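These notes concern the structure reproduced below.
Here the structure is a predicted model, which means the values were calculated and not measured.
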Amino acid sequence: MSPRDHRITLLGKPGCHLCDDARAVIERVAAELGVPWEERDITASAEDQERYWEMIPVTLVDGVQHDFWRVDENRLRAALGA
């Protein structure tokens, strides 16, 4: 499976400085590897708020929780097979 076959999702909320840090790492890695990514605001979903409120930012790779609070760039690259 190549990195381009994966999908990254960042779960966060407006005004979250850790989310800003995570977004910068994800944007850099995704752009470099050609991996699609999306961002989801947990305040738009009661289920997301209940599940992730104390962990944001949360990074999902292919829908599976990968990291929370911080995004480790090397760990993310490894999960994407890079």
Side-chain angles (χ1 to χ4, degrees):
M1 186 176 234
S2 90
R4 296 171 197 258
D5 296 325
H6 294 284
R7 181 171 199 82
I8 303 167
T9 305
L10 172 62
L11 305 176
K13 68 177 184 125
C16 167
H17 71 280
L18 291 177
C19 300
D20 295 339
D21 295 344
R23 184 180 308 105
V25 172
I26 291 169
E27 283 178 337
R28 180 173 53 251
V29 171
E32 185 178 311
L33 300 177
V35 177
W37 76 282
E38 65 182 344
E39 188 167 353
R40 200 162 80 208
D41 179 356
I42 67 164
T43 64
S45 162
E47 182 180 331
D48 281 351
Q49 278 191 51
E50 184 177 325
R51 183 169 183 186
Y52 298 111
W53 185 260
E54 294 184 16
M55 295 189 294
I56 61 166
V58 175
T59 307
L60 309 177
V61 174
D62 300 327
V64 177
Q65 186 172 332
H66 172 72
D67 263 329
F68 64 98
W69 293 336
R70 303 251 183 230
V71 177
D72 180 284
E73 185 169 339
N74 292 328
R75 188 171 133 71
L76 179 58
R77 287 177 184 279
L80 298 170

Exercise for review: Measure the shortest side-chain to side-chain distance between V29 and E32 over non-hydrogen atoms and say whether it is less than 4.5 angstrom.
Suggested key: no

Revision key, fill the gap. The reported gap from CG in N74 to CZ in R77 (rounded to nearest 0.5 angstrom) is 7.5 Å

Point to revise | 4.5 Å side-chain heavy-atom contact, T43 and W53 | key: yes

Check your understanding: How close do V35 and H6 get, heavy atom to heavy atom, and via which atoms?
Key -> CG1-O, 3.7 Å

Check your understanding: Does L80 share a hydrophobic cluster with V25, counting links as ILVMFWY side-chain heavy atoms below 4.5 Å and allowing steps through other members?
Key -> yes

Exercise for review: Write down the atom of P57, the atom of A22, and the distance for their closest heavy-atom approach.
Suggested key: CG-CB, 3.8 Å

**Study point:** Member of V71, D62, I26 meeting the side-chain contact (heavy atoms from CB on, under 4.5 Å) criterion with I8
**Key:** I26

Check your understanding: For the hydrophobic clusters of this structure (ILVMFWY residues joined by side-chain heavy atoms under 4.5 Å, transitively), does one cluster hold both L11 and W69?
Key -> yes

Practice item. Give a yes or no on whether L10 and F68 share a hydrophobic cluster (residues Ile, Leu, Val, Met, Phe, Trp, Tyr; joining criterion: side-chain heavy atoms under 4.5 Å apart). Key: no

Check your understanding: By salt bridge (charged side-chain N to carboxylate O under 4.0 Å, His left out), which residues pair with R40, not counting sequence neighbours?
Key -> D48

Review point. Considering only heavy atoms from C-beta outward, does the side chain of L76 approach that of D67 to under 4.5 Å?
Key: no

Study note, to complete from the structure: Here the pair of heavy atoms bringing Q65 nearest to Y52 is OE1-CE2, 3.9 Å

Revision key, fill the gap. Tightest non-hydrogen contact, residues R4 and L33, listed as CG-O, 3.6 Å

Review point. Roughly how far, to the nearest 0.5 Å, is the CZ atom of R51 from the CD1 atom of I42?
Key: 12.0 Å

Check your understanding: Any chance CZ of R28 has more than 12 other-residue heavy atoms, nucleotides or ligands included, within less than 6.0 Å?
Key -> yes

Review point. Partners of R7 by salt bridge (charged side-chain N to carboxylate O under 4.0 Å, His left out), sequence neighbours excluded?
Key: E38

Practice item. Say whether, by atom type as modelled, one donor and one acceptor occur between the side chain of R75 and the main chain of H66 under 3.5 angstrom. Key: yes

Point to revise | By salt bridge (charged side-chain N to carboxylate O under 4.0 Å, His left out) - contacts of D41 (at least two apart) | key: none

Check your understanding: What are the two closest non-hydrogen atoms of I56 and G12, and how far apart are they?
Key -> CG2-CA, 4.2 Å

